[in-house]
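The first residue in the sequence is number 1, and the count goes up from there.
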Amino acid sequence: MLTTDQNQLLHYVSQTKQHDRALLLVTFGSTYEGPHQTFARLKATFAESFPDRDIYMAFTSKFCIRKWKEKTGEEYFTTDKWLEALGEAGYSSISIQSLHVIPGLEYSFIEDRYLPLFHKQFPTIPTTVGVPLLWSKTDIQRVGNAIYSLFRERLERGEALVLMGHGNNTDKHPEANGRYRRLHDYLQKRHPRILIGTVDFEDMLFEDVAERLQEVCPEGTTINLLPLMSVAGDHALNDMAGDEEEDTPLEEQSWKIRFRALGYHVDEEHCHLHGLADFAPLRQIWLDHLMAAEREQ
């Protein structure tokens, strides 16, 4: 039986349905305005390449869903609620594209939790899933080349680039964190002053980045910071580029403040508050993943 939320969602889908096929973009979500502009760019990118689909966006974070609705009145829904509504609305096929960066915990929900429930309820509706950004060796190279190209001029004049990923703090998805290592190794081949750290992966935390950075960058070096995340949300604005907080220990300050304390130069202009999905070459990789999944179906 549909809940009130699902009835509301089914009514919305039924009223707006224009095509026979649906595409559901799945992201963690955000409570900040900037990422929602990024989400709009993503939807526009997929709409251009898939004009025969009705395109929707799901959040996996219930916290983000609740806080964004409180803030703006606009409501998002989780993947399972979207899938049930799309099934009830009678779509002939449903494609899902993960907008995650690594195949970690959030991505696993699609394959392990949401799709089994959907297929049990709607066994005759075929589904296709496009994989996250950092999936194959080719993806690692494409992402690395795009990032290097974006910062090449800065690197050539002696600056450095530190990328902040999220990471998984669970042993269930070790290869997800391994994608960060593989990208870091590839970027190091492109330039030794490009380094990756994470918020949650214990082997690539700030301290590890700082230690590696001190091996290649003397004090006074200008450090550029860029989130290695699909959008520039809470982690980018606060953990990466946040201002100094009074009565807060240095180890709990943002990366910007901690790098300054080590003698590096990090001005506001060096905190690049753009998610990976803000860059067209990187949006194209997610797009290519869905196209590849549909060709293989």
Is the cationic atom of K17 (NZ for Lys, CZ for Arg) positioned less than 6.0 Å from the six-membered ring centroid of Y91 and within 45 degrees of its normal? yes
Test item: H166 and T198 side chains (from C-beta on) under 4.5 Å apart, heavy atoms: no
I want to check something: taking the side chain as every heavy atom from C-beta on, are D288 and Q284 in contact at a cut-off of under 4.5 Å? yes
Scanning both residues in full, the closest heavy-atom pair of P116 with I110 reads CD-O, 4.3 Å
Heavy atoms of G87 and I94 approach each other most closely as N-CD1, 4.3 Å
Notebook entry, point to check: Tell me, do P132 and V101 make a side-chain contact under 4.5 Å, heavy atoms counted?
Noted result: no
d(L226 CG, L163 CG) to nearest 0.5 Å is 5.5 Å
**OP:** Check step by step if side chain to side chain contact (heavy atoms under 4.5 Å, CB included) holds for S92 and I125.
**Re:** CA-CA 6 Å; S92 64; I125 301 178; over 6 Å; no
Any heavy-atom pair between the side chains of F109 and T78 that's under 4.5 Å?
no
Taken to the nearest 0.5 Å, the spacing of L183 CG from R142 CZ works out to 13.5 Å
If the threshold is 4.0 Å, N to carboxylate O, is there a salt bridge linking R179 and D139?
no
So CG of D208 and CZ of F201: to nearest 0.5 Å the spacing works out to 9.0 Å
Answer yes if the ring centres of F39 and F59 are under 6.0 angstrom apart, and no otherwise. yes
Sequence neighbours excluded, the answer for side chain to side chain donor-acceptor pair (under 3.5 Å) partners of D185 is none
- Message: Do the side chains of R41 and E48 get close enough for a salt bridge, i.e. N-O under 4.0 angstrom?
- Response: no
- Query: Are L99 and L287 linked, directly or through other ILVMFWY residues, by side chains that come within less than 4.5 angstrom of each other?
  - Reply: yes
Shortest non-hydrogen pair, L25 vs K43, comes out as CD1-CG, 3.9 Å
To the nearest 0.5 Å, atom CH2 of W255 lies from atom CD1 of I223 at 12.0 Å
Looking at E70, I'd like to know if its CD atom is crowded, meaning that more than 12 non-hydrogen atoms belonging to other residues, nucleotides or ligands lie closer than 6.0 Å. yes
Kindly work out whether a path of hydrophobic side-chain contacts (I/L/V/M/F/W/Y, heavy atoms less than 4.5 Å apart) joins Y180 to I147. yes
inquiry  = Under a 3.5 Å threshold, yes or no: a donor from one side chain and an acceptor from the other, between Q97 and W286?
reply    = no
Is it the case that over 12 heavy atoms from other parts of the model lie below 6.0 angstrom from the CD atom of E74?
yes
Test item: L161 and Y148 side chains (from C-beta on) under 4.5 Å apart, heavy atoms = no
Exercise. Report whether F28 and L83 are members of the same hydrophobic cluster (ILVMFWY, side-chain heavy atoms less than 4.5 Å apart, transitive linking).
Key: no
Notebook entry, point to check: More than 12 foreign heavy atoms under 6.0 Å from CD of E156: is that the case here?
Noted result: yes
*asked:* Does any part of the side chain of L117, heavy atoms only, come nearer than 4.5 Å to the side chain of K120, both counted from C-beta?
replied: no
*Could K71 and Y32 be counted as a cation-pi pair, given that NZ or CZ must be under 6.0 Å from the ring centre and within 45° of the axis?*
yes
Cut-off 3.5 Å, no hydrogens considered: what does the side-chain donor-acceptor table look like for residues 188-195, sequence neighbours left out?
residue: Q188; atom: NE2; partner: P192; partner atom: O; Å: 3.0
residue: Q188; atom: NE2; partner: I194; partner atom: O; Å: 2.7
residue: R190; atom: NH1; partner: N145; partner atom: OD1; Å: 2.6
residue: H191; atom: ND1; partner: R193; partner atom: N; Å: 3.1
residue: R193; atom: NE; partner: E159; partner atom: O; Å: 2.8
residue: R193; atom: NH2; partner: L155; partner atom: O; Å: 2.4

Does the H289 side chain pair with the main chain of V131, one donor and one acceptor, at a distance under 3.5 Å? yes
Steps toward ring pair (Phe, Tyr, Trp, His ring centres under 6.0 Å) verdict (H36, Y76): CA-CA 11 Å; H36 283 262; Y76 282 79; 5.5 Å; yes
Using the ring centroid of each side chain, check whether H272 and F151 are separated by less than 6.0 Å. yes
Between A85 and V13, the two heavy atoms sitting closest are CB-CG2, 4.4 Å
Would you indicate whether E252, at its atom CD, is surrounded by more than 12 heavy atoms from other residues, nucleotides or ligands within a distance under 6.0 Å? yes
Do E294 and R53 sit within salt-bridge range, that is, some charged N less than 4.0 Å from a carboxylate O? yes
Are T38 and S230 side-chain neighbours, meaning at least one heavy-atom pair lies under 4.5 Å?
-> no
Presence of salt bridge, D54 and R21, under 4.0 angstrom: no
M240, I102: one ILVMFWY side-chain cluster at the under-4.5 Å cut-off? no
Taken in chain and number order and not counting sequence neighbours, the residues that satisfy side chain to side chain donor-acceptor pair (under 3.5 Å) with T45 are R283
On a heavy-atom basis, the closest approach of S30 and P35 is OG-CG, 3.2 Å
Residue pair E106, R113: steps toward the salt bridge (Lys or Arg N to Asp or Glu O under 4.0 Å) verdict: CA-CA 10 Å; E106 292 292 325; R113 181 181 301 181; over 6 Å; no
Taking every heavy atom of L23 against every heavy atom of F46, the minimum-distance pair comes out as CD2-CD2, 3.8 Å
Note to self: Would you say the rings of F77 and Y56 are close, in the sense that their centroids are separated by under 6.0 Å?
What the structure shows: no
Tell me whether E33 at atom CD has more than 12 heavy atoms from other residues, nucleotides or ligands lying less than 6.0 Å away. yes
Applying side-chain hydrogen bond (donor to acceptor under 3.5 Å, both in side chains) to H100 and T27, what does each step give before you reach the verdict?
CA-CA 6 Å; H100 304 99; T27 183; 5.8 Å; no
So, E84 and K81, do they make that salt bridge, N to O below 4.0 Å?
no
Those residues at least two apart in sequence (or on a different chain) that pass side chain to side chain donor-acceptor pair (under 3.5 Å) with H274 are none
Below 4.0 angstrom, N of the basic side chain to O of the carboxylate: do E207 and R258 qualify? yes
Linking I/L/V/M/F/W/Y whenever their side-chain heavy atoms sit closer than 4.5 Å, directly or via other members, would I196 and V199 fall into one cluster? no
- Item | Close side-chain approach of F259 to L225, heavy-atom, < 4.5 Å | yes
Separation between CG (D20) and CG (D52), nearest 0.5 Å, reads 9.5 Å
Can you give each donor-acceptor pair under 3.5 Å made by side-chain atoms of residues 242-251, sequence neighbours left out, with the distance rounded to 0.1 Å?
residue: D243; atom: OD1; partner: K256; partner atom: NZ; Å: 2.8
residue: T248; atom: OG1; partner: E246; partner atom: O; Å: 3.4

Sorted by chain and number, sequence neighbours left out, side chain to side chain donor-acceptor pair (under 3.5 Å) with S49 holds for none
The reported gap from CZ in F122 to CG in L86 (rounded to nearest 0.5 angstrom) is 9.0 Å
> Going through the distances and angles, do S254 and D239 end up as a side-chain hydrogen bond (donor to acceptor under 3.5 Å, both in side chains)?
Replying inline: CA-CA 5 Å; S254 71; D239 297 325; over 6 Å; no
query: Under the 3.5 angstrom rule, does the side chain of N177 hit a backbone N or O of G167 as a donor-acceptor pair?
result: no
Any chance the side chains of T127 and H119 put a donor and an acceptor closer than 3.5 Å? yes
